[in-house]
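Remember, it's a predicted structure, so these values are computed and weren't measured experimentally.
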Amino acid sequence: MGERVDGEADGRAALVLTGGGARAAYQVGVLAAIRQIRGPRPGNPFPILCGTSAGGINATALAVYSADFDRAVRRLAWIWRNFRVHQVYRVDPLALLGSGLRWGSALLTGWAVRQTPRSLLDNEPLRDLLQRALDFSAIDRAIAAGTLHALSVTASGYTSGESLAFFEAAPAVQPWRRAQRVGVRALLGVDHLMATSAIPFVFPAVRINREYFGDGSMRQLAPISPAIHLGADRILVIGAGRLAEEGRQRTEHYPSPAQVAGHAMSSIFLDGLAMDLERMTRINATLNAFTPAQRAAAGVSLRPIETLVISPSQRLDTIASRHRHSLPPLLRTVLSSMGVMRRDGSMLLSYLLFEPEYTGALMALGHADTMARRDEVAAFLRLGGA
């Protein structure tokens, strides 16, 4: 029969973790608050886990330890509190100088010798960390034991342009295909995590089977969709950026390369989620206007999906700007040439700042934001008088 799953009588709960590089530390703060709100309960509150980019890594870690949610969150929190950039990408002089030379050479002579730099940064240290920290075979064991129903990790195909949700799930779950969206059953491993978190230009694409894949947030038109296909009846979404940004501000300076890149990152990581949530709200409102019997008589197979969204109450780029000097000196010098160390470049910085001063601040914010909505979270998890 497997371990008990919280609120299973009310349908399966899914956790959707979006992308955002170092911003994903915010998600761990939210999870720590959920752990506190649940108290010492056994079981797994989220039998369906869906992640994209760094959120895919967090989701996979939860899946590996799904038999003990308390332990899973504590382990994730320890890792994020102690993160350093050199554990994610190389910051030694040889690596940074080599990257600069390759990009410079490609810009000057690439037309003649067809040089193609793979990425700005080398994230091989992240691969080593994931291989050491995660027992991927535990995912299949958790599904067999009943503590996990499904895990999906989304990546974007550079050739097909499709958003692929690679999933490992109970036998009853079937693959799916929608416009530019595909669900593919797979035995998940480190390549899938490296692919889903391969921020364009920053980290290298990863080949899986016949295609190269990059960050799953690219062209992800419906970030919540995999959770629904995997059988979720209610969904908790943890974002990694504010869904409602401030209005336009007057500026006199031409945007730096870092500011332009940061703007592009926001489009990749935030816009799809906001639109998908808006679409789900409209669909739920329409479906709730009819009784289940009326929907069945009309042949409508859609069902209302309960959704709770937790996202940062503060701008994460502003927090990153306060901690920009925690980066290693040589990396600060390299990134300064792109304008990353300026205030208007802090958006890009917020994705790359894997240092405990910054990640700790995001975790604290995630915890505070969630505790401020304690009653909503308890109701979503069906905790009764928690």
**Asked** Is I34 reachable from W78 through a run of I, L, V, M, F, W or Y residues, each pair having side-chain heavy atoms under 4.5 Å apart?
**Response** yes

inquiry  = Using a 3.5 Å distance criterion without hydrogens, assess whether the side chain of R178 forms a donor-acceptor pair with backbone atoms of Q180.
reply    = no

Any chance the rings of F83 and F354 have centres within less than 6.0 Å?
yes

Rounded to the nearest 0.5 Å, the CG atom of D215 sits from the OG atom of S197 at a distance of 7.0 Å

Check: F380 main-chain N/O paired with R234 side-chain donor or acceptor under 3.5 Å = yes

Under 4.5 Å between any side-chain heavy atoms of L362 and W80, yes or no?
no

**Q.** Test item: Y26 side-chain N/O and S311 main-chain N/O as donor-acceptor pair under 3.5 Å
**A.** yes

(Q) With a 6.0 Å cut-off (strictly less than), is the heavy-atom count around CG of D135, excluding the residue itself, greater than 12? (A) yes

Any side-chain heavy atom of P226 sitting closer than 4.5 Å to one from F167?
no

I'd like to know if the side chain of Q27 reaches the main chain of G366, judged simply by a donor and an acceptor atom lying under 3.5 Å from each other, with no hydrogens or angles considered. no

d(M194 CE, F213 CZ) to nearest 0.5 Å is 15.0 Å

When you look at E168 and R185, which way does the salt bridge (Lys or Arg N to Asp or Glu O under 4.0 Å) test go after all the steps?
CA-CA 6 Å; E168 204 164 337; R185 185 177 286 273; over 6 Å; no

Is a donor on one side and an acceptor on the other found under 3.5 Å between the side chain of Y89 and the backbone of L352? yes

The reported gap from CG in L230 to OG in S152 (rounded to nearest 0.5 angstrom) is 5.0 Å

Report task. For V190 and F136, run side chain to side chain contact (heavy atoms under 4.5 Å, CB included): C-alpha distance rounded to whole Å, both residues' side-chain angles, the deciding distance at 0.1 Å, then the answer. Result -> CA-CA 8 Å; V190 69; F136 292 94; 4.1 Å; yes

Side chain to side chain, L31 and L62, heavy atoms closer than 4.5 Å: yes

(Q) For a side chain to side chain contact (heavy atoms under 4.5 Å, CB included) check, start with the C-alpha distance between L381 and L236, then their side-chain angles and the critical distance, and finish with the verdict. (A) CA-CA 9 Å; L381 295 176; L236 172 62; 5.8 Å; no

> Between T196 (side chain) and A155 (backbone), is there a donor-acceptor pair under 3.5 Å?
Replying inline: no

Exercise. Tell me yes or no: between the side chains of D317 and S350, is some donor less than 3.5 Å from an acceptor?
Key: no

**Prompt:** Does the side chain of R181 come under 3.5 Å of the side chain of S225 through a donor N or O and an acceptor N or O?
**Reply:** yes

Check the pair L349, L327 against side chain to side chain contact (heavy atoms under 4.5 Å, CB included), reporting the backbone distance first and the verdict last.
CA-CA 10 Å; L349 177 67; L327 283 173; 3.5 Å; yes

Between the CD atom in Q314 and the CD1 atom in I319, the distance rounded to the nearest 0.5 Å is 5.0 Å

Please lay out, stage by stage, how R74 and D70 fare under the test salt bridge (Lys or Arg N to Asp or Glu O under 4.0 Å). CA-CA 6 Å; R74 283 189 285 108; D70 182 84; 2.6 Å; yes

State plainly whether the residues E355 and R332 are in salt-bridge range, i.e. N to O under 4.0 Å. no

Evaluate T60 against L151 for side chain to side chain contact (heavy atoms under 4.5 Å, CB included), listing each step before the verdict. CA-CA 7 Å; T60 301; L151 166 69; 4.0 Å; yes

- [ ] Could you tell me whether R141 atom CZ has more than 12 heavy atoms of other residues or ligands within 6.0 Å of it?
- [x] yes

Would you call R127 and D191 a salt bridge, using N to O less than 4.0 angstrom?
yes

Task: Side-chain donor/acceptor of D122 to backbone N/O of R90, under 3.5 Å - done: no

I143 and V173: same hydrophobic cluster, using ILVMFWY side-chain contacts below 4.5 Å? no

Of all heavy-atom pairs linking H192 and V153, the shortest is O-CG1, 3.8 Å

| request: Say whether N44 and S66, considering side chains only, have a donor N or O and an acceptor N or O under 3.5 Å apart. | output: no

Here the gap from N58 atom CG to L193 atom CG, rounded to the nearest 0.5 Å, amounts to 10.0 Å

task = Check whether any side-chain N or O of H367 sits under 3.5 Å from a backbone N or O of A364 as a donor-acceptor pair, and report yes or no.
result = no

Can you tell me if R324 uses its side chain to pair, donor with acceptor, with the backbone of S321 under 3.5 Å? yes

Between A240 and R23 the two heavy atoms that sit nearest each other are O-NH1, 2.9 Å

Exercise. Do N123 and L121 touch side chain to side chain, with heavy atoms closer than 4.5 Å?
Worked result: no

Open item on the list: Do the side chains of D128 and R132 get close enough for a salt bridge, i.e. N-O under 4.0 angstrom?
Closed with: no

Margin query: Using a 3.5 Å distance criterion without hydrogens, assess whether the side chain of D233 forms a donor-acceptor pair with backbone atoms of R12.
Written below: yes

Quiz item: Shared ILVMFWY cluster between L330 and V85, side chains joined below 4.5 angstrom?
Solution: yes

Item to check | Cluster link V377 to I48, ILVMFWY, side chain under 4.5 Å | outcome: no

